[in-house]
Amino acid sequence: MRLMSYDIVYNYEDDDNGYKEGDDIDHDIKVDIKPLYNTVTCLSLKKYFTNIFASKEFSDVTLVAQDGSELKAHKLILCARSEVFAAMFRSNFEESKTNRIRIDDMDAEVIEEMLKFLYTGGDISGKFAEELFVAANKYSILDLQTMCENILINTMMVATVADILLLADRHTNDRLKTKAVQFIVNHIKTVTGTEGWKKLCQTDHDLSRLVLDKTERTAKRRRYSSDSSSSISSEENNGLPNL
């Protein structure tokens, strides 16, 4: 049996030769192997870049975390994945002269996770989603921002939703903000008892007021909908003939 790269899945020999479907013959199986090839290529590239990230060989830039920890990286990767990093090295900034980037608002673990994503594009640890969301906005890494946004939406909890709302508002992420507001409205009694909500009320009165106004409007709409349904049901019952 011979595998060949064609768009047709298979093809039988001409009927004039006496072959028919079901005969035990050696067909040319024509399979389109291009998708498989592309998958294998992507996996190989990811493996190679994972190795480059792990080995740090030929690294030419150092990222310094807030605790002074140093992490090695490659300018070319940083610039290819982030326009902000690219601007640093294209300009006359200090980073382009010293090949050192100080990141005073991020832990070494978070920077390491960000670098791993820049090299491999792979999944990230959910426990760093908030910190990486901030980093993605700071360095304009759009695909990382989207990944963090999805994680924060899918793992939203009563205890942390107020913090996520504040995060979304500060970074002007409308989708995350809308999801957080709706979550709070649906769980208003429990959310307002959390430390996160108390902090939100202290730090951003307008944002907490927006949520409460949304909650009030939603409650009124639900009451109106409930009253309307009850009224319609009552009218229908009154119109029924006595049995």
Next on the checklist: Under a 4.0 Å threshold between the charged nitrogen and the carboxylate oxygen, would R100 count as salt-bridged to E94?
Outcome noted: no
Checklist entry - Just how far is it from atom CD1 of I164 to atom CZ of F133, taken to the nearest 0.5 Å? => result 10.0 Å
Checklist entry - Is K138 paired with D105 through a side-chain N to carboxylate O contact shorter than 4.0 Å? => result yes
Checklist entry - Just by distance, do the side chain of S82 and the backbone of S140 share a donor-acceptor pair under 3.5 Å? => result no
Item to check | Pairs touching residues 79-114 that satisfy ring-ring contact (aromatic ring centres under 6.0 Å, His included), sequence neighbours left out | outcome: F85-Y139
Next on the checklist: Evaluate L167 against N173 for side-chain contact (heavy atoms from CB on, under 4.5 Å), listing each step before the verdict.
Outcome noted: CA-CA 9 Å; L167 186 71; N173 189 300; over 6 Å; no
Item to check | Worked verdict on L78 versus V61 for side-chain contact (heavy atoms from CB on, under 4.5 Å) | outcome: CA-CA 9 Å; L78 299 186; V61 63; 3.9 Å; yes
Checklist entry - Is the closest side-chain heavy-atom distance between E131 and M114 below 4.5 Å? => result no
Checklist outcome for this item: Residues pairing under side-chain hydrogen bond (donor to acceptor under 3.5 Å, both in side chains) where one sits in residues 199-209, two or more places apart or in two chains, turn out to be R209-D213
Checklist outcome for this item: Heavy atoms of L152 and A129 approach each other most closely as CD2-CB, 3.9 Å
Next on the checklist: If you count heavy atoms of other groups shown closer than 6.0 angstrom to CG of D123, is the number above 12?
Outcome noted: no
Checklist entry - Of the non-hydrogen atoms in S59 and K72, which two are nearest, and what is the gap between them? => result OG-CB, 3.6 Å
Next on the checklist: Does E70, at its CD atom, have more than 12 non-hydrogen atoms belonging to other residues, nucleotides or ligands within less than 6.0 Å?
Outcome noted: yes
Checklist entry - Do V191 and V161 have side-chain heavy atoms sitting under 4.5 Å apart? => result yes
Checklist entry - Can you find a heavy atom in the side chain of S69 that is under 4.5 Å from one in the side chain of V64? => result no
Next on the checklist: So does V211 get a backbone contact from the side chain of T215, meaning a donor-acceptor N/O pair under 3.5 Å?
Outcome noted: yes
Item to check | Heavy-atom side-chain contact between L63 and L115 under 4.5 Å | outcome: yes
Item to check | Set of residues satisfying salt bridge (charged side-chain N to carboxylate O under 4.0 Å, His left out) with respect to D163, sequence neighbours excluded | outcome: none
Checklist entry - Do K47 and F49 meet the cation-pi criteria used here (NZ or CZ under 6.0 Å from the six-membered ring centre, within 45° of the axis)? => result no
Item to check | Side-chain heavy-atom pair E130, V134 within 4.5 angstrom cut-off | outcome: no
Item to check | Donor-acceptor contact below 3.5 Å, side chain T120 vs main chain G122 | outcome: yes
Next on the checklist: Quick check for you: to the nearest 0.5 Å, what is the distance between C148 atom SG and F117 atom CZ?
Outcome noted: 8.0 Å
Checklist entry - For the residue pair C79 and A86, what are the closest heavy atoms and their distance? => result SG-CA, 3.6 Å
Next on the checklist: Test of understanding: clusters of I, L, V, M, F, W, Y form through side-chain heavy atoms closer than 4.5 Å, transitively. Do V84 and L132 belong to the same one?
Outcome noted: yes
Item to check | Min side-chain heavy-atom separation M156-N154 under 4.5 Å | outcome: no
Next on the checklist: So T218 and R223, do their side chains get closer than 4.5 Å, heavy atoms only?
Outcome noted: no
Checklist entry - Distance-only, no hydrogens or angles: does the H74 side chain make a donor-acceptor pair with backbone N or O of E57 under 3.5 Å? => result yes
Checklist entry - Run the side-chain contact (heavy atoms from CB on, under 4.5 Å) check on N150 and R175 step by step: do they pass? => result CA-CA 10 Å; N150 289 334; R175 177 171 174 251; 2.9 Å; yes
Checklist entry - Roughly how far, to the nearest 0.5 Å, is CD1 of I141 from CG of L118? => result 4.5 Å
Checklist entry - Is D169 salt-bridged to K177, going by a charged N under 4.0 Å from an acidic O? => result yes
Checklist entry - When rounded to the nearest 0.5 angstrom, what distance separates CD1 in I77 from CD1 in I52? => result 6.0 Å
Next on the checklist: Count I, L, V, M, F, W, Y as connected when their side-chain heavy atoms are under 4.5 Å apart, and connections chain through other members. Are I153 and M147 then in the same cluster?
Outcome noted: no
Checklist outcome for this item: Rounded to the nearest 0.5 Å, the OG atom of S125 sits from the CD atom of E112 at a distance of 12.5 Å
Item to check | salt bridge (charged side-chain N to carboxylate O under 4.0 Å, His left out) against K116, all qualifying residues, sequence neighbours excluded | outcome: E113
Item to check | Other residues, nucleotides, ligands: >12 heavy atoms within 6.0 Å of R170 CZ | outcome: no
Next on the checklist: I'd like to know whether CD of Q66 has more than 12 heavy-atom contacts from other residues, nucleotides or ligands below 6.0 angstrom.
Outcome noted: yes
Checklist entry - Does any N or O in the side chain of T146 come within less than 3.5 Å of the main-chain N or O of L142, such that one atom is a donor and the other an acceptor? => result yes
Checklist entry - How would you list all residue pairs meeting side-chain hydrogen bond (donor to acceptor under 3.5 Å, both in side chains) that involve residues 179-191, not counting sequence neighbours? => result Q182-N186, N186-R222
Next on the checklist: Testing the basics here: between L165 and V181, what is the closest heavy-atom pair and its distance to 0.1 Å?
Outcome noted: CD1-CG2, 3.6 Å
Checklist entry - Is any side-chain heavy atom of I151 less than 4.5 Å from a side-chain heavy atom of I124? => result yes
Checklist entry - Going only through I, L, V, M, F, W and Y residues with side-chain contacts under 4.5 Å, is there a path from M106 to L144? => result yes
Checklist entry - Which residues pass the salt bridge (charged side-chain N to carboxylate O under 4.0 Å, His left out) test with D143, sequence neighbours left out? => result R81
Checklist entry - Roughly how far, to the nearest 0.5 Å, is the CD1 atom of I188 from the NZ atom of K214? => result 12.5 Å
